[in-house]
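The first residue in the sequence is number 1, and the count goes up from there.
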Amino acid sequence: MAQNTTIPINVGVVLDLDFPLGKIGLSCINMALSDFYASHSNYNTRLVLHTRDSARNVVVAADAALDLIKNVEVQAIIGLESSMQANFVIDLGDQAQVPIISFSATSPSLRGSYFFRIAQNDSSQVRAIGALIQAFGWREAVPVSIDNEFGEGLIPYLTTALQKVGARIPYWSVISSKATDDQIEAELYKLMSMQTRVFIVHLSPSLGSRFFAKAKDIGMMEEGNVWITTNGMANSFSTSSSSVDIDNMQGVLGLKTYVPNTKELENFRARWQTKFQQDNPTILNVKLDAFGLWAYDAAWALALAVEKVGGTNFSFQKMNSSHNSTDLGSLEVSQGGPELVRELSSTRFRGISGDFSLINGQLQSSTFQVVNVNDNGERGIGYWTPQNGLVRNIISTRNTNRYSTSNASLGHIIWPGDTTSAPRGWQINPKGTIKILVPVKAEFEEFVTVRHDFRSTNTTTFSGYCIEVFKAVIEALPYTVPYEFYPFANPNGQSAGTYDDLIYQVFIGNFDAAVGDITIRANRSLYVDFTLPFTESGISTVVPLKGNDGGKNTWVFLKPLTWDLWVTIGCFFIFIGFVVWFLEHRINEDFRGPPHHQIGTSFWFAFSTMVFAHRERVVSNLGRFVVIIWCFVVLVLTQSYTASLSSILTIQQLQPIVADVNLLLKNGDNVGYQAHSFIYGILRQLGFQDDKLRTYGSAKELDELLRNGNENGGISAAFDETPYMKLFLATYCLKYTLVEPTFKTDGFAFVFQKGSLLTRAVSTAITQVHEGDQMKAIEDRWFKKTASCSNPNTANSYDTLSLESFWGLFIVAGVASSLALLIFAAMFLYEHSHILTCVDSKASFWTRIRQVLRAYDQQDKTWHAFKKSRKEDGVHGIAAVESTPNTNCLCLRRPSRSSKPNEIEPEIVLEEQQGTTSTQHSDLNPNAIELTSIT
């Protein structure tokens, strides 16, 4: 009765029914529809499958799809497990508005308005491959792909992903889908001849199995090789029905589609295993892979979308606009196709393979498991997710956002050759020892020296700074690099050409590398690779020195100190004078008197400390503390000044005769450069004419040109690369010097063939050698200075003393003086606080401030020195009352800190509105009263 009330919807299935993947797919589709309608028996629609065998042929698959659309009028087609088949049928679906659903066509190049990929796009795994390449530090990888839509579609995405992690593809190996074993073997031998040992295999399971069998036969599955397979093969590792023979793939890494293991999935696997074995008794021990799970979810999603559309719109209509009499031109158009596409695109559910959702017709699933093939099967060693990168356990990283590209995040890996050591990913030279070309030159032999013994041994020796640095760098590598030097010379021992000619020999492959004083230049980098420079970079200018008797300079006494130090010293003299005056004014007669006398005394005292000739006594402890600190500062300054001035007056100062390139051009002076050097082009660009240019071939020739000078046919300056000039000055430092400007260029470097993997390793080793003491030891051996240049007493310049050298002393003096001021001010204000806080006074705040200043200006007669003086004068015990006119407030002063119990001196507070306070005398007894008038 249910069938009488349901609406049948025709759906086509195009699969390779003689191929295990096709049988598995069809079985999963049938089970999906059975399960779907068993759980949704109330639905009105029923999918009716019309199956066609594609016979593993693109044309047959396209013809079957055309027959289903035109004659059966199917509303959708499921299957087309290869990307080539799908590529043909997609256009049919777009024209007839029939959705084409594939669960195994993974090529990224497949696109269509009515095409749905219920599978992982191959491009989704390139980031995972890049993460593996980055994790192990491999810099090159060779992809191996099949010559069809499936193989070619991945390469552009893979190239971009590798570039993002600093790796490149030096070669792309393409294997024909119809390749014979001999053709596969020939391609493998080509791969074996390359330096790169990292291979990314993107082949079909059947072709990949043959490929790895041949790789094992010729020895490419031994130690040092790295093989990474995409999920096209890795998904078939555990499927016994697959043609993949993993016995030939020991040590291979693979990216496998990750499907979360759930109880529903386990139950389905068990049910499917039983059902499949009943329908296919001849296929034993078959296991369900990700493609079968996607086939199940694809059928479920289609049944759900068809039910949402309903059965009223599923009809075909002939298009009147078509006048083509062919089958393709006479295709009718499905009226329900557009609505079915919309429903499929919005379908969401929890499927057997995980969460099902489509964006732009693509299944959103991008998590991969990293597996390692060992023994008789695969072993999971980690996972890759877009959010976390490489992880060991996918569950523990769900709540973190840290992206990892470390191989420590992976489990234990057994590589080809049954080794646990990660391969470096490349070999030094497939042919054995690398051939290194060395320039032959007659000048500046400290850098490179080639000696050939034609008479006795007929051998060639290589020495020099560059040769020794290269040997040290090779020894710093973590592996052995066999090499052999070859002179770039003619049979007679003379140089065979310029440095550009030498580099060309490396470029065309006659030699693997070149070592010598070879400068990094942009035009050369187009043909070869340079390592990091192992010398200083730049072009320096050397000019002669002229004498300058420093003692004859009128203002030579100012030269030992910089202007900012002079200003700071002067400011501190004034500041110290003020501090001492402030501390001594109330208690020291030497710092009292008329204002001009006090100012003069303060300045005199401060500046006389410079020669320790101050005669004024300092009686307060705070003042003595400040003076002691300042005298120490002055002592250090004077001793330093004396030493620097003595050096200036006794040593002759040498200065360059010219310090500006523009001045050389203006004067029309001759300049020199090393013969056959690129410096000539730079000098011409600067504006020097050919008649002003002179060449030299050795350090002695350069010295002769500079000694002769511009007037005698010599030169006024020489331009050359900094290493050459440093070597020259190591011998002639007393006669010549480097001057600005120094032009920016790269230094000397080693040369390797373009794309050589040894370039990066050698550059890293150069950095290691520079960081240690070995490079300095090599420089000292080859650039040994003469005795005069090594003696520091022959220096031709002096160092002016700056404020930075004495900043600490000034900070100490300033802090000590400021602290003394604060302590004194605090004590004084505490003793006279009654002036500021007098409750009965009607004076304003500023009036009280003036009263405090007047109190400060008065002599402190309680100071013990004054008391002693008064005793000697016979006035001890007399109470004096000082008065001033217009007194508004007389405050009773608290006892002085120096008063004794029997010497209490109370003050009586008197207030008047007007008038003056007369002086009163108390009795001459211990309790005498002293009245102080405060304005």
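- The stretch residues 42-61 participates, sequence neighbours left out, in these ring-ring contact (aromatic ring centres under 6.0 Å, His included) pairs: Phe36-Tyr43, His40-Tyr43.
- A donor atom on one side chain and an acceptor atom on the other are found under 3.5 Å apart for Ser409 and Ser404.
- In this structure, the side chain of Asn280 does not engage the main chain of Thr282 through any donor-acceptor pair within 3.5 Å.
- Put simply, the side chain of Asn407 never gets that close to the backbone of Leu410: no donor and acceptor are under 3.5 Å apart.
- Thr196 has its side chain within reach of Glu140: a pair of non-hydrogen atoms, C-beta onward, lies under 4.5 Å apart.
- In summary, the side chains of Thr106 and Asp122 do present a donor paired with an acceptor at a separation below 3.5 Å, with no hydrogens or angles considered.
- Considering CG of Leu158 and CG of Leu154, their distance stands at 5.5 Å, rounded to 0.5 Å.
- Residues forming a side-chain contact (heavy atoms from CB on, under 4.5 Å) with Ser124 (at least two apart in sequence, or on another chain): Gln120, Ser366, Phe368.
- Inspection of the Asn388 and Tyr383 side chains reveals no N or O donor paired with an N or O acceptor under 3.5 Å.
- Of all non-hydrogen atoms in Leu293 and Arg269, the two that sit nearest each other are CD1-NH2, 4.2 Å.
- Between the CG atom of Asn87 and the CD1 atom of Ile100 there is a distance of 12.0 Å, given to the nearest 0.5 Å.
- A donor-acceptor pair is defined here as one N or O able to donate and one able to accept, closer than 3.5 Å; no such pair exists between the side chain of Asp53 and the backbone of Val14.
- In this structure, the side chain of Ser406 engages the main chain of Ala408 through a donor-acceptor pair within 3.5 Å.
- Qualifying ring pair (Phe, Tyr, Trp, His ring centres under 6.0 Å) partners for Phe211, counting only residues two or more places apart in sequence or in other chains: Trp227.
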Pair Arg56, Asp18 - check salt bridge (charged side-chain N to carboxylate O under 4.0 Å, His left out), show working. CA-CA 8 Å; Arg56 306 186 69 180; Asp18 293 332; over 6 Å; no
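- Between the Asn57 side chain and the Val60 main chain, a donor and an acceptor come within less than 3.5 Å of each other.
- Judged purely by distance below 3.5 Å, without hydrogens or angles, the side chains of Ser353 and Asp297 pair a donor atom with an acceptor atom.
- Between the side chains of Asn372 and Glu378, no donor-acceptor pair is found at a separation under 3.5 Å.
- Atoms OG and CG, on Ser104 and Leu15 in that order, are 7.5 Å from each other to the nearest 0.5 Å.
- Nearest heavy atoms, Gln250 versus Met221: O-CE, 3.8 Å.
- Applying the ring-ring contact (aromatic ring centres under 6.0 Å, His included) definition to pairs two or more places apart or across chains, those involving residues 105-136 are Phe136-Trp138, Phe136-Trp415.
- Shown here is Asn360, whose CG atom has no more than 12 heavy atoms of other residues, nucleotides or ligands within 6.0 Å.
- Sequence neighbours left out, the pairs with a member in residues 155-167 that pass side chain to side chain donor-acceptor pair (under 3.5 Å) are Arg111-Tyr157.
- Annotation: salt bridge (charged side-chain N to carboxylate O under 4.0 Å, His left out) contacts of Glu187 (sequence neighbours excluded): Lys190.
- With hydrogens and angles disregarded, no donor-acceptor distance shorter than 3.5 Å links the side chain of Asn374 to the backbone of Gly377.
- The side-chain hydrogen bond (donor to acceptor under 3.5 Å, both in side chains) test applied to Asp94 returns no partner, not counting sequence neighbours.
- Remark: Gln273 engages Gln277, Val286 in a side-chain contact (heavy atoms from CB on, under 4.5 Å) (not counting sequence neighbours).
- Taking the salt bridge (charged side-chain N to carboxylate O under 4.0 Å, His left out) definition, one finds that Asp247 meets it with nothing, sequence neighbours left out.
- Remark: Asp63 engages no residue in a salt bridge (charged side-chain N to carboxylate O under 4.0 Å, His left out) (not counting sequence neighbours).
- Nearest heavy-atom pair, Glu266 versus Asn261, reported as atom, atom and distance to 0.1 Å: OE2-OD1, 2.6 Å.
- Glu307 places a side-chain N or O within donor-acceptor distance of the main-chain N or O of Thr45, the cut-off being under 3.5 Å.
- Ring-centre distance between Tyr296 and Phe103: not below the 6.0 Å cut-off.
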Between Val341 and Ser113, does the side chain to side chain contact (heavy atoms under 4.5 Å, CB included) criterion hold? Intermediate values first, please. CA-CA 9 Å; Val341 166; Ser113 302; over 6 Å; no
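- Shown are Leu47, Leu68, Val74; of these, the side-chain contact (heavy atoms from CB on, under 4.5 Å) with Asn10 is made only by Val74.
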In sequence, state the C-alpha distance, the side-chain angles, and the governing distance for Ser173 and Leu191, and then conclude on side chain to side chain contact (heavy atoms under 4.5 Å, CB included). CA-CA 8 Å; Ser173 176; Leu191 298 179; 4.0 Å; yes
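- Glu343 pairs by the side-chain contact (heavy atoms from CB on, under 4.5 Å) definition with Ala305, Lys308, Val309, Ser346, not counting sequence neighbours.
- In this structure, Arg117 contributes its side chain and Ser107 its backbone to a donor-acceptor pair below 3.5 Å.
- In this structure, NZ on Lys287 lies 12.0 Å from CD1 on Ile24, to the nearest 0.5 angstrom.
- Side chains of Gln97 and Ser334: a donor-acceptor N/O pair is absent below 3.5 angstrom, by distance only.
- The number of heavy atoms from other shown groups lying within 6.0 Å of CG (Asp418) does not exceed 12.
- Here Lys23 pairs with nothing under the salt bridge (charged side-chain N to carboxylate O under 4.0 Å, His left out) rule; sequence neighbours left out.
- Nearest heavy atoms, Asn121 versus Gln362: ND2-OE1, 3.6 Å.
- Trp300 contributes atom CH2, which lies 11.0 Å from atom CE of Met31 (distance to the nearest 0.5 angstrom).
- Looking at Trp272 and Ser27, their side chains do bring a donor and an acceptor atom within 3.5 Å of each other.
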Step by step, work out the salt bridge (charged side-chain N to carboxylate O under 4.0 Å, His left out) result for Glu264 and Arg350. CA-CA 11 Å; Glu264 292 79 5; Arg350 178 69 180 177; over 6 Å; no
